[in-house]
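Report on the structure given below.
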Amino acid sequence: MVTIMNHVSQTIEQYIDGILAAQPHLAKLGRWPIIYNRHLDHDSVPILSGGGSGHEPAHAGFVGDGMLSAAIYGELFVPPKPEAILKAIRFLDQGKGVFIIIKNFEADIASFQTAIHTARQEGHNIKYIISHDDISVEPKQQFAMRHRGLAGTILLHKILGAAAKNGASLTELEALAFEVATETATIGFATKSASLPGTQQPLFALNNNQISFGIGIHGEEGYRQVDFHSSEQLAIEIMNKLHIKFHWQEGQHFILLVNNLGTATDLEQGIFLNDMHQLLELEGLQLPFIKNGKFMTSLDMTGISVTLCRLKSQSWLTYLQAPTNAYAW
């Protein structure tokens, strides 16, 4: 399989340069793999997020007014290095501290916490949230919940970014982040595994006409593989898992985000969204905000994830609807 790139060692640098050419509101911090908003509002608490590459448009696509202040990159499926995270914190902190959104992967947490520890010793006021929206299970560990950070992380980017722009303090952002994160759940499926650039082997085996439910964004296989029958049956499986998580009642309000994991076609995603929408409406749920697109991918994986967030406050909806120039939102 052909992957359009040059030398692997230059992948992140060249990707960032390409993004900057098309997005004049973004800039790169020196030689570091850090993209920031040129028009930072120093009256607001800055928000930083990031992770390994391979999930584009996350996270650079969510840097902009009313969203992330900066995004930081690591190598393919590898978290940013602590020294780079520390550099971003030092740059962003203009006296109001920094709020950080971290996806729940062991390596990511270790890298960010190392940087946060050093930053706090230097006097920086840092608060953070660990995004843990994944509700799939690990079949090899007695079906323990995985709790990885998936596409629901993007809702944190938007809600917290708009709240910061609206004047929320660091402490207020921490409380809001905890509320949103605990009301957010994501689960997805794949019809084709991701493959690392330049390789022919998928990251997990999947026979033709099969679906893997509960996959991860680093090429992790799901908890169950079944033969494909229809988009509607996929939607039923996903809805049932979300129902187990939320135990919703008729009339409750939810945010719905449907995310392309890489190479599903717009046609497929639109059909699947229609099925999910109809099923959730039959459950009696109110869906005042629906977002459909490509937000957090896993290279060339063909699949879709579904995120629901129970709307506990009208302000969350206001923040989601607030304007931003972040190009991937």
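Taking the centre and axis of the six-membered ring of Trp32, the NZ or CZ atom of Lys81 falls outside the cone set by 45° and 6.0 Å.
Put simply, the side chain of Tyr36 does not reach to within 4.5 Å of the side chain of Pro46, judged on heavy atoms. Asp227 is listed as a side-chain neighbour of His229, based on a closest heavy-atom distance under 4.5 Å. Ile102 has its side chain within reach of Ile116: a pair of non-hydrogen atoms, C-beta onward, lies under 4.5 Å apart. Using a 4.5 Å heavy-atom cutoff, the side chains of Ile217 and Lys103 are in contact. Between Tyr223 and Ile187 the shortest side-chain heavy-atom distance falls below 4.5 Å. A 4.5 Å side-chain heavy-atom check between Phe99 and Leu170 finds at least one atom pair inside the cut-off.
Side chain of Thr186 to backbone of Asp134: no donor-acceptor contact under 3.5 angstrom is found.
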- Criterion salt bridge (charged side-chain N to carboxylate O under 4.0 Å, His left out) on Glu83 and Lys87, from CA distance to verdict: CA-CA 6 Å; Glu83 55 265 37; Lys87 182 72 175 181; over 6 Å; no

- Item | Thr263/Asp300 under side-chain hydrogen bond (donor to acceptor under 3.5 Å, both in side chains): CA gap, chis, key distance, verdict | CA-CA 6 Å; Thr263 56; Asp300 61 341; over 6 Å; no

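In this structure, CG on Asn104 lies 10.0 Å from CD1 on Ile129, to the nearest 0.5 angstrom.
Under 3.5 Å, the side chains of Ser315 and Ser313 contain a donor-acceptor pair of N or O atoms. Judged by distance alone, the side chains of Thr265 and Glu268 do bring a donor and an acceptor atom under 3.5 Å apart.
In this structure, Trp248 and Phe254 have perpendicular ring planes: the angle between them is above 60°, well past the 30° mark.
The hydrophobic clustering, which links ILVMFWY residues whose side-chain heavy atoms are closer than 4.5 Å, places Ile135 and Leu257 apart.
Residues Phe112 and Tyr128 keep their aromatic ring centres 6.0 Å or farther apart. Here the two rings, on His55 and Phe295, have centers that are 6.0 Å apart or farther.
Tested against His157 for a side-chain contact (heavy atoms from CB on, under 4.5 Å), the candidates Ile154, Leu160, Leu155 yield a single pass: Ile154.
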